[in-house]
Visitor: 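Structure below; questions to follow.
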Amino acid sequence: MTRKISEVLQEIYQRLFEFFGPQNWWPAETPFEVCVGAILTQNAAWKNVEKAISNLKQKGLLSPPALYQLPVEKLAELIKPSGFYNLKAKRLKSFVEFLMLNYQGNLDLMFKKPISHLRAELLNIKGLGKETIDSILLYGGNLPVFVVDAYTYRILNRHFLVPEETTYDEIQALFMENLPPDPQLFNEYHALLVACGKSFCKKNSPLCDPCPLKGL
DNA sequence: TTCCAGCATA
DNA sequence: TATGCGGGAA
């Protein structure tokens, strides 16, 4: 008797929530801070991103107009702790330019666009990939988009729920077609998968025995 | 020395 | 498909 995917996904969520509790994502004061954090945290530890964001905050630069004016070299210097700083400075500038030129720097306006249109628009910005964009949509815009990341893939794959070659879109569809389209649920679910990935489902030496998903 | 809330390029 | 990008923490 093979269980329905939706039941398995619900059980994963329940187990993780009972073990870890609410994760309170995304740690940011404003939607714009979510966007900046989403770009800065690309393949970087969040602790280091916090330092970079703190630098921007201290200088009063954490707004679309301020970053729009700031030279990319200055920006790179300030976000150094988050790593890949020259690259990420360009990416931040690209996003802010997009936001200023198309939405007058107004994120509320941007998030009013139909999700599929907006997602396609954002995908055209160099340096914004699917995970970054979906994080912005879900955590910045409170839109019902499921965020997939390396932890999500690893956890599903190790439990034989998806094969090796599964794509981002396929994993995203798996969640979105088998769960109610609830932003709060998607918010908590992704955050819990990250928590599980960091604590147990590690890249090289996974701790399967004490993992809350053991025996799934 | 590894690894991190990825992405673009060749 | 592999590689560059990179500082900071474990």
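Lettering of chains follows the sequences in order, A, B, ..., and the numbering in each one begins at 1. As the structure is a prediction and not an experimental result, all values here were calculated from the model.
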Visitor: What is the nucleic acid contact for A:Ser135, judged by heavy atoms within less than 4.0 Å: base, sugar-phosphate only, or nothing?
Guide: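 No contact at all - A:Ser135 keeps every heavy atom at 4.0 Å or more from the nucleic acid.
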
Visitor: Determine the Euclidean distance between corresponding C1' atoms of C:dT1 and B:dC4; express it in Å to zero decimal places.
Guide: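 22 Å, rounded to whole Å.
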
Visitor: Where along residues 44-60 of chain A does a heavy atom come under 4.0 Å from DNA chain B, residue by residue in number order?
Guide: A:Ala44, A:Ala45, A:Trp46

Visitor: What is the separation between atom NZ on A:Lys203 and atom C1' on B:dT2, rounded to the nearest whole Å?
Guide: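 Between C1' of B:dT2 and NZ of A:Lys203: 9 Å.
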
Visitor: Using 30° and 60° as the class limits, which term best fits the ring planes of A:Phe175 and A:Phe146: parallel, tilted or perpendicular?
Guide: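 Geometry flag for A:Phe146 against A:Phe175: parallel rings.
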
Visitor: Sort me out a list of protein N/O and nucleotides 8-10 of chain B N/O pairs below 3.5 Å, or just none if empty.
Guide:
| unit_1 | atom_1 | unit_2 | atom_2 | d |
| --- | --- | --- | --- | --- |
| B:dA8 | OP1 | A:Gly127 | N | 3.0 |

Visitor: Rounding to the closest angstrom, what is the interatomic distance between B:dC7 and C:dG8 at atom P?
Guide: 23 Å

Visitor: Should we say atom NZ of A:Lys90 is surrounded by more than 12 heavy atoms from elsewhere, each under 6.0 Å from it?
Guide: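 12 or below, so no.
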
Visitor: Mind calculating the distance between CD1 (A:Ile133) and C1' (B:dG6) to the nearest angstrom?
Guide: 12 Å

Visitor: Below 4.0 Å from chain A heavy atoms, what is the first contacting nucleotide of DNA chain C and what is the last?
Guide: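 The contact span of chain A on DNA chain C goes from C:dC5 to C:dA9.
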
Visitor: Can you say whether the rings of A:Phe200 and A:Phe19 are parallel (under 30°), tilted (30 to 60°) or perpendicular (over 60°)?
Guide: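 The rings of A:Phe200 and A:Phe19 stand perpendicular, inter-plane angle above 60°.
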
Visitor: Would A:Tyr189 and A:Phe17 count as a ring-ring contact (aromatic ring centres under 6.0 Å, His included) here? Give the steps.
Guide: CA-CA 8 Å; A:Tyr189 205 146; A:Phe17 189 83; over 10 Å; no

Visitor: From OH of A:Tyr85 over to C1' of B:dC4, roughly how many Å is that when rounded to an integer?
Guide: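 To the nearest whole Å, that distance equals 17 Å.
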
Visitor: Name all residues meeting the side-chain contact (heavy atoms from CB on, under 4.5 Å) criterion together with A:Gln69; count only those two or more places apart in sequence or in a different chain, and write none if there are none.
Guide: none

Visitor: Decide if atom CD of A:Glu165 counts as having more than 12 heavy atoms of other residues, nucleotides or ligands within a radius under 6.0 Å.
Guide: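 Check passes, neighbour count above 12.
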
Visitor: Is the distance between the ring centroids of A:Trp25 and A:Trp46 less than 6.0 Å?
Guide: no

Visitor: Kindly indicate, with the supporting measurements, whether the criterion salt bridge (Lys or Arg N to Asp or Glu O under 4.0 Å) is fulfilled by A:Glu77 and A:Lys80.
Guide: CA-CA 5 Å; A:Glu77 200 59 34; A:Lys80 210 166 230 180; 3.4 Å; yes

Visitor: Which is it for A:Glu33 and A:Leu56 under the side-chain contact (heavy atoms from CB on, under 4.5 Å) test, yes or no, and what are the steps along the way?
Guide: CA-CA 10 Å; A:Glu33 187 177 332; A:Leu56 295 176; over 6 Å; no

Visitor: Identify all side-chain donor-acceptor contacts of residues 105-118 of chain A below 3.5 Å with residues at least two apart in sequence or on another chain.
Guide:
| unit_1 | atom_1 | unit_2 | atom_2 | d |
| --- | --- | --- | --- | --- |
| A:Asn106 | OD1 | A:Asp108 | N | 2.9 |
| A:Asn106 | OD1 | A:Leu109 | N | 3.2 |
| A:Lys113 | NZ | A:Glu121 | OE2 | 3.2 |

Visitor: For A:Phe20, check ring pair (Phe, Tyr, Trp, His ring centres under 6.0 Å) against everything at least two apart and list the hits.
Guide: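 A:Phe20 satisfies ring pair (Phe, Tyr, Trp, His ring centres under 6.0 Å) with no other residue.
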
